[in-house]
Structure formats: structure tokens, C-alpha cells
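What you are looking at is a predicted structure, and each value in this text was computed from that prediction instead of being measured.
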Amino acid sequence: MRPPALVVLLLGLLLGATTALAQWTPSGASDWTPPDPAALERMARETLPVAVVSSTVNQRAFQERQLDYRAGVKAWLPLLAEIGIPYRVIGDYELETGIKPAAALILHNTDRLSDNQLKNIRAFHEAGGPVIIVGVAGKYTWEGGARSISLPELWLGVQAPRPFVPAEMKSAFFTVRATSPLSLGVDPGYRFEVQWQGSFWYGTSDDPATFLTDWGLTPNGPPARTIHTSTNSLLRVTPKARMAWLGFGPGDLVTDGDAGPQVKAYFDTLLRWMLDRPVIARPHWPGGKIGAAVVTTNIMDEISAEFAALMCHEEQIKATFFVVGKVARERPELMAPLMENGEIANISYYNEEDGTIKGRPVEKQIKELAREVKFLTTSGIPRVVGYRPPLGEYDENTLIAAAHAGMDYFFGNEDFDRYWPVQKTLEGMMTITQFVRPAPDAYGVVHDENGGTPETYTAAFQKHARRVWELGALFPFIFHVNYQDQETNAASISMFLAWLKEQPVWLTTFGGVVDWIRQRDTVTFSIDTISGGREIALANPTASPVVGYPLIYVPPTTATQLISNPPPGVLVTPREPFGYLLEVNLEPYETKRIYLN
């Protein structure tokens with residue numbers, strides 16, 4: 001008599017489960033290794049919520065200063081929810097009686113803390129709990145008496161923390177250093193705006209993650225518009241757990257317009273790093289380079305054309321040449337040497353009295369650029385890839401005219417809030433990439449910075465390049481022909497280019513950057529929040545293979561290996577100054593999933 005089918009099915013499942021159990025247990029497999037305790041502890045902690053402190057004592061203290069304490073605390077909650085991190089709000093009672101298990105502790109402007117609360121916060125951290133401190137936590141007792149030192153000073157080494165009180169405006173700005181994980185996902189040099197409400201703090205440190213700026217980042221502004229080294233963010237890894245200090249909270253930042261995604265990326269990275277979860281993002285430059293550089297010059301006559309072509313040929317550097325259409329029309333034979341040594345873009349030569357194209361009707365600007373393009377294309381140039389306005393002056397109509405002329409990019413923006421090239425949409429359908437000019441050209445260096453010798457010329461440009469690369473951005477080296485002393489000028493350019501070629505940055509053209517951004521953004525990149533950000537998916541929607549698509553990966557400190565079962569076509573190498581570079585090969589229309597530790 002045959003047993004019923006259901007019995008056979010259940011018996012088979014039972015036998016299969018028994019076999020699987022035997023394979024898993026130490027007695028069933030000689031090569032079994034126990035799970036890593038640190039990894040198990042990390043995974044257990046990830047199931048816990050983040051504890052956000054909302055203190056009645058501090059709320060009352062803030063009310064006395066006519067400030068809204070709870071608004072700053074509440075700003076953390078939707079941010080945590082959007083990132084997919086569970087949270088719970090705790091008050092003075094739990095801080096006083098003992099902090100229950102939590103994934104991390106957020107102390108937002110808890111200036112007043114009792115001795116017992118400080119003891120419990122230290123016990124939480126000593127037990128492996130990450131702590132985020134906003135402001136000067138513990139600087140005062142519950143009753144308002146001043147202590148000699150606050151938690152940011154004691155734990156993170158913040159020197160002289162103090163409130164930022166602007167003299168005129170009610171806001172300040174800060175940017176993120178490219179050497180900090182907080183730069184991942186944020187446009188290089190993006191100016192975060194803080195609306196000052198009496199709760200914005202800053203200090204000094206040897207290793208700040210971010211730093212204050214003044215009211216602008218323009219290259220030719222007064223000395224007050226230089227970057228300050230005062231920090232408003234610090235990250236620290238201790239033997240116990242990670243810690244962070246912020247001089248602001250998410251509710252203090254302006255999120256209007258396109259600022260919202262930048263703010264979310266900043267805090268997304270901060271929270272993942274704090275919770276020791278994987279942090280992964282697209283790099284801004286190929287190969288995960290920390291910065292980029294473009295060599296460029298204006299071709300205003302036949303002398304500058306010959307000089308630039310020979311200089312780039314001798315230095316073996318590809319440059320972007322902004323050529324006046326009149327030069328191409330009158331000396332078309334000079335275009336071939338330029339094309340051999342880089343790409344051709346246009347700088348128009350407006351013949352009216354003031355020399356600027358700015359302020360002209362859009363129809364007139366479109367006609368002007370169409371004429372320039374015709375001069376260039378009839379001189380043997382297949383395509384004019386970009387535009388730079390004369391005298392650096394332009395308006396919205398100039399951008400529209402450049403887009404109408406079929407150009408990919410526009411160079412010359414000195415009024416900007418970031419160093420990353422911005423995609424501009426014009427008339428609802430045309431797009432053009434706008435590059436900023438974050439450093440002076442050779443004329444400015446020679447006349448304003450004493451750059452009259454090769455040594456002083458090179459030193460001045462090195463200073464500007466390092467400042468731009470510190471923000472992870474693109475440095476444009478704009479050289480010119482010195483008609484009075486070409487020998488010294490050539491020596492100065494050669495000395496700086498020799499230094500530039502040795503730097504660990506991507507040396508390219510403006511057109512190369514545009515092509516890179518298109519390729520970078522073609523591949524779709526997604527992170528699975530259900531897995532705690534451990535599973536990523538890369539999809540190639542094109543009919544062409546993608547080779548070495550880069551990602552920057554910062555693994556948890558407790559990871560025993562970088563990637564669990566890496567699929568074929570994934571290369572992992574260490575990256576300076578932090579993290580690892582993942583280079584992924586994708587076949588046409590392939591989706592590749594990678595599980596991170």
C-alpha cells in the first residue's frame with residue numbers, strides 16, 4: 001500500500017531539512033566556521049532604533065532665549081524615516097535613569113545635562129553605542145551652571161566651540177572636504193546654507209570634516225571671500241564606537257530648490273557611517289580620483305594658436321581651445337594643429353563698442369553664435385563643442401544661444417554655489433552643461449598675485465589648484481600668451497604643467513567631463529534599504545558594454561571581508577584618502593547585484 005502523496009511530500013521536506021541541518025552544524029561539516037562575533041553584534045544593533053533625545057530641561061532653557069528647541073529635534077525624525085532607519089524619541093527620564101539599547105544616540109542641542117546623564121551617556125558609548133552630538137552638549141548643568149568643558153571638547157577634540165553670530169546676514173555657508181566620507185553623494189564645493197537661529201556652532205580642529213566659508217566662493221572677490229578652516233563637523237572612530245559632532249542640525253539647513261537632495265545625501269552618509277553600515281556612492285571623477293583638471297586657453301589670433309598648439313604638443317597634454325571664429329576663417333590651416341592637441345570650442349568676438357555679448361536680444365545672440373560656428377566648421381572643424389563668452393560676461397540669452405548652436409557646455413560662470421558642472425535646461429527642452437570658474441586665469445595670477453616668474457607663477461596656481469581639489473572639484477588652468485615676454489611665459493606654463501601632470505587627479509578637457517557625466521549617469525544605481533543598504537544593483541540599459549564602472553565603497557569597521565561572493569567582473573582596490581574603489585563590468589542590458597559586508 002502506497003503512502004498518501006502528502007505524507008511523501010512531508011517526509012521529503014523533513015529529510016531535506018535534516019540534511020541541510022547536518023550540513024550547517026559543526027558535526028555535519030568539518031570546514032564549518034562560527035559566525036564572526038563582531039558581525040553578529042553589528043547586525044543585532046542594526047535591528048535597534050536610533051534614540052533621539054528630546055529634553056524638557058533644554059526646551060525650557062531655549063524658550064528663555066526665544067528659540068524653538070523641539071523644532072530642531074523633530075527635524076531628525078522624517079530624515080531617519082526617509083533613509084529607512086528606525087528611531088524612538090527619549091527624554092530626560094531615560095537619560096537620567098539609564099539609556100536602553102539603541103543603534104545610536106542623537107544629542108541635539110542638549111546644552112544642559114546632569115552629572116548622572118553624562119555618566120549614562122558615557123556608559124552607552126563605552127558599551128559600543130555611536131553618539132551624534134549637535135552643539136555643546138553638557139556645557140551646563142541642569143540648573144545652568146557652566147562646566148569647564150563640554151562633550152565635543154572632551155570626546156572629539158573640538159577646540160573653542162562657539163556660536164556663529166553673523167554681523168549682517170542671518171545665514172552662513174559651509175562646504176565639505178573631499179577627504180571626508182561626508183562628501184560622497186554631495187556636489188563638490190556645494191555651499192550648504194545654514195539659517196542662523198542662535199544655535200549654529202563652530203570651532204577649530206586639526207582634522208575637520210567640513211568647514212565654514214564666507215558669503216561667496218568667487219575667485220576674484222575680496223580677501224574676505226576666502227575659505228575658512230573653522231570646522232562645523234567632526235567624525236571620530238574610537239576603539240568603542242564612532243562619534244560625530246555637528247554645529248548644526250538638519251532643521252538648520254536650507255532645503256529649498258535643489259538643496260534638498262544635497263542635504264539628504266549629507267545626512268544619509270553621516271547616519272550610515274555612524275551606524276557602521278556600508279556607504280557607497282558614485283565617484284565624481286573616473287577611477288575614484290579626488291579631483292580633476294582642465295588645461296585651457298583662448299585663441300584670439302594666429303600667434304596664440306601657434307603658441308598653444310606647440311606648448312600642448314611639447315607637454316603631451318590635451319587642452320580645450322576657445323577659438324574666435326574670425327581666426328578660423330582667416331587662418332584655417334591653424335585649426336588642424338589645435339585639433340591634434342585637444343578640442344575646439346568658441347569664444348565669440350563681438351564687434352560692437354563694449355565688446356560684450358551680454359544684454360543683447362536673444363535673437364541677436366543666436367545669430368552671433370551661429371556665425372561663429374559657421375566660421376569654425378567651414379575651416380575643417382567637425383563640431384564646436386563648447387562656448388565661453390567674451391569678457392566672461394553673459395546672461396540667460398547667452399546660454400540659450402549656445403544651446404541653439406548645438407554646443408555641449410558653457411564656461412565662464414563666476415556666480416555659483418558649487419564647483420560641480422550644472423546641467424541647465426533651457427526653453428523647457430534644450431540642455432547645456434555649465435562649468436564654473438573657481439580660480440583666476442594667468443592674467444590675474446601675473447598681475448594680482450606677483451606671478452611674473454616661473455616660480456611665483458607656479459606657486460600661485462598650485463595654491464588655487466589645491467584649494468579646488470580639497471573640495472573634490474575641477475580646476476581649470478587658464479593660460480595666456482604674453483606677447484612681451486614669450487620666453488618667460490612659456491617657462492612659467494611648462495613649470496606648472498610639469499607639476500600638474502604629477503598630481504593624482506584626472507587630467508582631461510571640458511568635453512571629456514561632459515562625456516564622462518553622460519556615461520556615469522547612463523548606468524542606473526540603486527541601494528536596497530531593506531537589506532540595510534547592503535545590496536546594490538547596477539543596470540546597463542544600453543546595447544554597449546560598460547567597462548570598469550566605478551563606485552566608492554566605505555565598508556563597516558567590523559566587516560571580515562569587503563564583499564560576500566563578489567560576482568564576476570567586479571574589481572576592488574584601496575582608494576585614497578578613504579574607502580575602496582569598485583570597478584564593475586556590465587554586459588549590454590545586464591543588471592548586476594552585489595552584496596556588501
Any salt bridge (Lys or Arg N to Asp or Glu O under 4.0 Å) involving residues 149-158? Give me the pairs, sequence neighbours left out, ordered by first then second residue. K139-E153
Under the salt bridge (Lys or Arg N to Asp or Glu O under 4.0 Å) rule, what pairs show up with a residue in residues 332-345, not counting sequence neighbours? R331-E333
Measuring only between side-chain heavy atoms, which start at C-beta, is [X] closer than 4.5 Å to [Y]?
X    : Y    : answer
D408 : R383 : yes
F475 : H464 : yes
I493 : E315 : no
L246 : F267 : yes
M243 : I133 : no
V279 : P181 : no
F435 : V514 : yes
R360 : E368 : no

Identify, with sequence neighbours excluded, every residue that meets salt bridge (Lys or Arg N to Asp or Glu O under 4.0 Å) alongside R575. none
Partner residues of E193 under the salt bridge (Lys or Arg N to Asp or Glu O under 4.0 Å) criterion, sequence neighbours left out: none
Compute the ring centroids of F477 and F461, then answer whether they are less than 6.0 Å apart. yes
Take atom NZ in K367; do more than 12 heavy atoms of anything else shown fall under 6.0 Å from it? no
Should we say atom NZ of K264 is surrounded by more than 12 heavy atoms from elsewhere, each under 6.0 Å from it? yes
Once ring-ring contact (aromatic ring centres under 6.0 Å, His included) is applied, do any residues pair with [X], and if so which ones, sequence neighbours excluded?
X    : result
H447 : Y443
F578 : none
F192 : F174, Y190, Y266
W273 : none

Would you compute the distance between atom [atom1] of [X] and atom [atom2] of [Y] and round it to the nearest 0.5 angstrom?
X    : Y    : atom1 : atom2 : answer
I400 : I432 : CD1   : CD1   : 10.5 Å
L426 : H404 : CG    : NE2   : 8.5 Å
R329 : M335 : CZ    : CE    : 12.5 Å
N450 : T456 : CG    : OG1   : 5.0 Å
Y202 : R162 : OH    : CZ    : 4.0 Å
S183 : L471 : OG    : CG    : 10.0 Å

What pairs with [X] under side chain to side chain contact (heavy atoms under 4.5 Å, CB included), at least two apart in sequence or on another chain?
X    : answer
A490 : F307, M311
P283 : P550, I552
V523 : L538, V546, Y549, L586

Hey, mind stepping through D252 and Q195 against side-chain contact (heavy atoms from CB on, under 4.5 Å) and telling me if it holds? CA-CA 6 Å; D252 299 319; Q195 292 180 318; over 6 Å; no
Which residue is it: K358, Q434, Q365? I am looking for the one with a side-chain hydrogen bond (donor to acceptor under 3.5 Å, both in side chains) to Y394. Q434
Run the side-chain contact (heavy atoms from CB on, under 4.5 Å) check on L234 and W155 step by step: do they pass? CA-CA 11 Å; L234 281 174; W155 280 5; over 6 Å; no
May I have the list of side-chain donor-acceptor pairs in residues 292-299 shorter than 3.5 Å, sequence neighbours left out?
unit_1, atom_1, unit_2, atom_2, d
T296, OG1, T320, O, 2.8
T297, OG1, F479, O, 2.6
N298, OD1, R388, NH1, 3.2

Please lay out, stage by stage, how L184 and V554 fare under the test side-chain contact (heavy atoms from CB on, under 4.5 Å). CA-CA 10 Å; L184 295 180; V554 182; 4.1 Å; yes
Quickly, which of Y409, F410, Y387 forms a ring-ring contact (aromatic ring centres under 6.0 Å, His included) with F510? Name it, please. Y409
V323: which of I381, L338, N346, I347 passes side chain to side chain contact (heavy atoms under 4.5 Å, CB included): L338
Is the closest side-chain donor-acceptor distance between S304 and D301 under 3.5 Å? yes
Between the main-chain N or O of L474 and the side-chain N or O of W506, is there a donor-acceptor pair closer than 3.5 Å? no
